Asks: 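Here it is: the structure, laid out below.
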Amino acid sequence: MSAVKQQVLIVGGGLAGLACAVRLHEAGARPLIFERSDDVGGRVRTDHLDGFLLDRGFQVFLDAYQEAGALLDTAHLELRAFRPGALMYHASGMHRIMDVFREPRALLTSALAPIGSFVDKLRVAQLRWRLTRLTTEDIAGHEDTTTERYLTRAGFSPQMIDGFFRAFYGGIFLERDLQTSSRMFEFTFKMFSQGSATLPSRGMGEIPRQLAARLPPGTIHLGAQVTEIQPDSITLASGDHFQGDAVVVATDASSAAELVTADGTHEPAWRSVTCVYFAASRSPLGEPIIALNGTGAGVVNNVCVPSDLAPGYAPPGQALISVSVLGTEASADLESRVLDELEAWFGRTVRDWRHLRTYRIERALPRQAPGTGLTGPGYRKEAGVYLCGDHLWSASIEGATISGLRTADALLQPS
Ligand SMILES: Cc1cc2nc3c(=O)[nH]c(=O)nc-3n(C[C@H](O)[C@H](O)[C@H](O)COP(=O)(O)OP(=O)(O)OC[C@H]3O[C@@H](n4cnc5c(N)ncnc54)[C@H](O)[C@@H]3O)c2cc1C
């Protein structure tokens with residue numbers, strides 16, 4: 001008789017929990033998801049406001065993600081790509097730094113942009129050449145240090161690190177000190193070199209929705225806060241009790257620490273971000289590109305206009321502007337500080353923007369210190385339960401998906 005786990009109770013309906021459930025269901029097992037909030041998606045959700053689509057924090061799907069790309073029906077997501085590169089706002093004005101391998105026509109403007117030296121630009125090309133030839137497994141085997149030290153060792157000038165990498169990777173790692181693992185830097189640099197940063201045309205929330213739609217009715221319990229777990233059962237805040245063959249804790253790292261170890265042993269530090277949305281009658285960028293603050297001063301890290309890529313993000317005749325501010329400073333006048341700052345970037349037009357909503361996301365990414373990511377099985381078994389989530393592989397959509405899939409594969413092994 002097979003001892004494959006049939007009834008699997010999954011705590012958390014983020015991407016890790018959903019990926020785990022889809023793999024289990026498609027292999028013939030019976031997963032049940034218990035999600036405490038009012039919808040699936042976890043950190044990947046989209047709100048609707050007056051015809052605008054507001055992702056809960058600016059984030060992108062990198063279409064080079066192998067496992068998430070294979071699991072999802074990306075054609076149906078109608079991914080819309082950002083141009084490969086960025087606009088960099090500096091004291092001398094706005095400059096364009098493009099990935100010239102994919103936009104060769106931008107070679108001259110990128111070469112002439114006063115950000116880093118010509119040697120820095122050659123080093124970017126070398127890094128690109130080297131990393132695109134490596135697998136994620138190769139990268140996982142590399143010595144891990146901070147991204148800042150890695151870039152210095154790679155020979156980049158302080159001007160290039162301060163004027164480009166801090167802003168670009170600030171938006172990805174949600175910190176500008178570049179203390180995140182260099183393996184994570186290599187992984188994301190490879191992904192950006194091999195594919196595009198994209199948005200689904202109906203919002204990032206379509207990603208979890210698509211996975212949820214592959215599960216049979218009755219699989220997902222919403223508003224179901226799990227308060228106690230055992231290796232074969234869970235209890236909800238409502239007092240309801242469910243019995244199964246296995247329990248998977250697919251929550252964020254802090255909730256997992258509370259549920260499983262109770263003493264917070266694995267409680268991680270978090271990177272936080274604030275996303276401020278504005279509506280305007282026209283886009284200040286006019287193209288699908290990310291604009292970055294390369295000055296090293298001010299609160300804004302990056303700006304983009306999702307409706308320039310995917311018009312469905314805004315009602316006809318309007319533009320949706322997304323501004324990311326690192327951290328979650330509770331300043332009452334944050335929106336006006338953002339506008340004051342962006343007036344230097346875009347001129348008086350910002351005075352006509354209408355504030356839509358501000359998201360302060362305290363627990364956006366687990367801090368990925370050197371030595372913590374891209375290695376190991378992608379899940380952990382502790383006190384008889386399985387743990388999965390982005391904190392067990394890499395803090396990304398790909399990382400959460402891989403972790404969920406690996407956990408399901410482990411459960412599907414006859415024991
Ligand atoms: C602002 C922001 C920007 C990002 N940018 C990018 C990006 O550009 N590209 C990229 O690839 N990734 C990005 N990420 C990271 C990516 O979104 C996450 O790594 C990934 O979504 C994590 O998925 P998860 O399933 O591991 O965890 P989560 O999404 O946190 O899901 C965990 C779920 O568990 C539920 N839960 C917790 N406790 C309980 C309980 N007791 N009972 C029941 N349910 C519970 C939660 O409600 C949640 O739904 C970003 C994240 C944020 C927030």
Side-chain angles (χ1 to χ4, degrees), residues 9-21 32-45 55-65 67-69 82 169 171-174 184 187-188 191-192 195 197-199 204-205 207-208 211-212 220-229 234-238 247-260 268 270-275 290 301-302 304 322 324-328 359-366 368 373 378-379 387-405 407:
L9 311 175
I10 301 174
V11 186
L15 292 176
L18 288 165
C20 181
L32 285 180
I33 292 181
F34 299 87
E35 166 55 50
R36 70 179 169 196
S37 69
D38 60 355
D39 204 353
V40 292
R43 276 168 275 163
V44 185
R45 289 187 60 176
D55 292 335
R56 293 190 181 176
F58 171 59
Q59 57 179 308
V60 293
F61 178 79
L62 301 180
D63 64 5
Y65 283 159
E67 303 221 15
F82 281 96
Y169 278 88
I172 297 167
F173 296 153
L174 307 183
M184 277 309 292
F187 171 70
T188 42
M191 293 294 110
F192 274 103
T198 72
L199 293 176
M204 289 295 290
I207 295 175
L211 294 177
I220 300 172
H221 297 243
L222 296 174
Q225 161 111 24
V226 175
T227 50
E228 263 185 62
I229 50 170
I234 60 161
T235 307
L236 305 185
S238 61
V247 170
V248 175
V249 176
T251 65
D252 59 275
S254 292
S255 306
E258 281 159 28
L259 274 174
V260 181
W270 286 91
R271 302 289 183 201
S272 310
V273 68
T274 301
C275 181
I290 296 170
N301 190 75
N302 50 281
C304 73
S322 159
S324 295
V325 174
L326 304 187
T328 47
Y359 290 91
R360 288 186 165 78
I361 305 159
E362 209 56 66
R363 293 174 175 184
L365 298 180
Q368 302 173 94
Y379 66 91
L387 275 84
C388 78
D390 66 343
H391 57 110
L392 288 161
W393 186 254
S394 75
S396 66
I397 290 168
E398 178 77 342
T401 305
I402 288 178
S403 178
L405 295 176
T407 310

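Note that the coordinates shown come from a computational prediction; the quantities given were computed from them, not determined experimentally. First listed ligand is number 1; within each ligand, the first listed atom is number 1. Here, residue 1 is the first one in the sequence, and each next residue gets the next number.
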Asks: Under a 4.0 Å heavy-atom limit, does Val11 contact ligand 1 with its side chain, its backbone, both, or neither?
Replies: side chain
Asks: How far is atom 47 (O) of ligand 1 from its nearest protein heavy atom, and which residue and atom is that?
Replies: Glu35 OE2, 2.7 Å
Asks: Run the numbers for me: atoms of ligand 1, each under 4.0 Å from some heavy atom of Ala224, listed by number.
Replies: 42 (N), 43 (C)
Asks: Report the nearest protein non-hydrogen atom to atom 1 (C) of ligand 1: residue, atom name, distance rounded to 0.1 Å.
Replies: Val273 CG1, 3.5 Å
Asks: Ser272 side chain to Gly327 main-chain N or O, any donor-acceptor pair under 3.5 Å?
Replies: no
Asks: Heavy-atom contacts under 4.0 Å between Ser403 and ligand 1: side chain, backbone, both, or neither?
Replies: neither
Asks: Counting from 1, what ligand 1 atoms have a heavy atom of Asp390 closer than 4.0 Å?
Replies: 18 (C), 19 (O), 22 (C), 26 (O)
Asks: Does the side chain of Leu32 come within less than 4.5 Å of His221's, by heavy atoms?
Replies: yes
Asks: Using a heavy-atom cut-off of under 4.0 Å, does the side chain or the backbone of Val44 touch ligand 1, or both, or neither?
Replies: side chain
Asks: Is ligand 1 under 4.0 Å from a heavy atom in the side chain of Ala250, in the backbone, in both, or in neither?
Replies: backbone
Asks: For Gly14 and Glu35, work out which heavy atoms get closest and say how close.
Replies: N-OE1, 4.2 Å
Asks: I need the contact type for Ala395 against ligand 1. Using non-hydrogen atoms and a strict under-4.0 Å cut-off, is it side chain, backbone, both or neither?
Replies: backbone
Asks: I want to know if ligand 1 touches Ser396 in the polar sense, i.e. an N/O pair below 3.5 angstrom.
Replies: yes
Asks: Could you tell me whether Tyr65 approaches ligand 1 through its side chain, its backbone, both or neither, with non-hydrogen atoms closer than 4.0 Å?
Replies: side chain
Asks: Would you call Arg45 and Asp38 a salt bridge, taking side-chain N to carboxylate O under 4.0 Å as the test?
Replies: yes
Asks: Below the 3.5 angstrom mark, is there an N/O of Ile361, backbone or side chain, next to an N/O of ligand 1?
Replies: no
Asks: Specify the protein heavy atom at minimum distance from atom 8 (O) of ligand 1: its residue, its atom name, and the distance to 0.1 Å.
Replies: Val60 N, 2.9 Å
Asks: Just going by heavy-atom distances, which of Met204, Arg43, Gln59 is nearest to atom 16 (C) of ligand 1?
Replies: Gln59
Asks: Is a donor from one side chain sitting under 3.5 angstrom from an acceptor on the other, for Glu67 and Thr401?
Replies: no
Asks: Between Val40 and ligand 1, which residue portion shows a heavy-atom distance shorter than 4.0 Å: side chain, backbone, both, or neither?
Replies: neither
Asks: Consider every N or O of Gly17 and every N or O of ligand 1, then say whether any pair is closer than 3.5 Å.
Replies: no
Asks: What protein heavy atom sits nearest atom 41 (N) of ligand 1, and how far off is it?
Replies: Val226 O, 3.0 Å
Asks: Under 3.5 Å, is there a donor on one side chain and an acceptor on the other for Ser396 and Glu398?
Replies: no
Asks: Sub-3.5 Å donor-acceptor pair from the side chain of Asp252 to the main-chain atoms of Ser255, do we have one?
Replies: yes
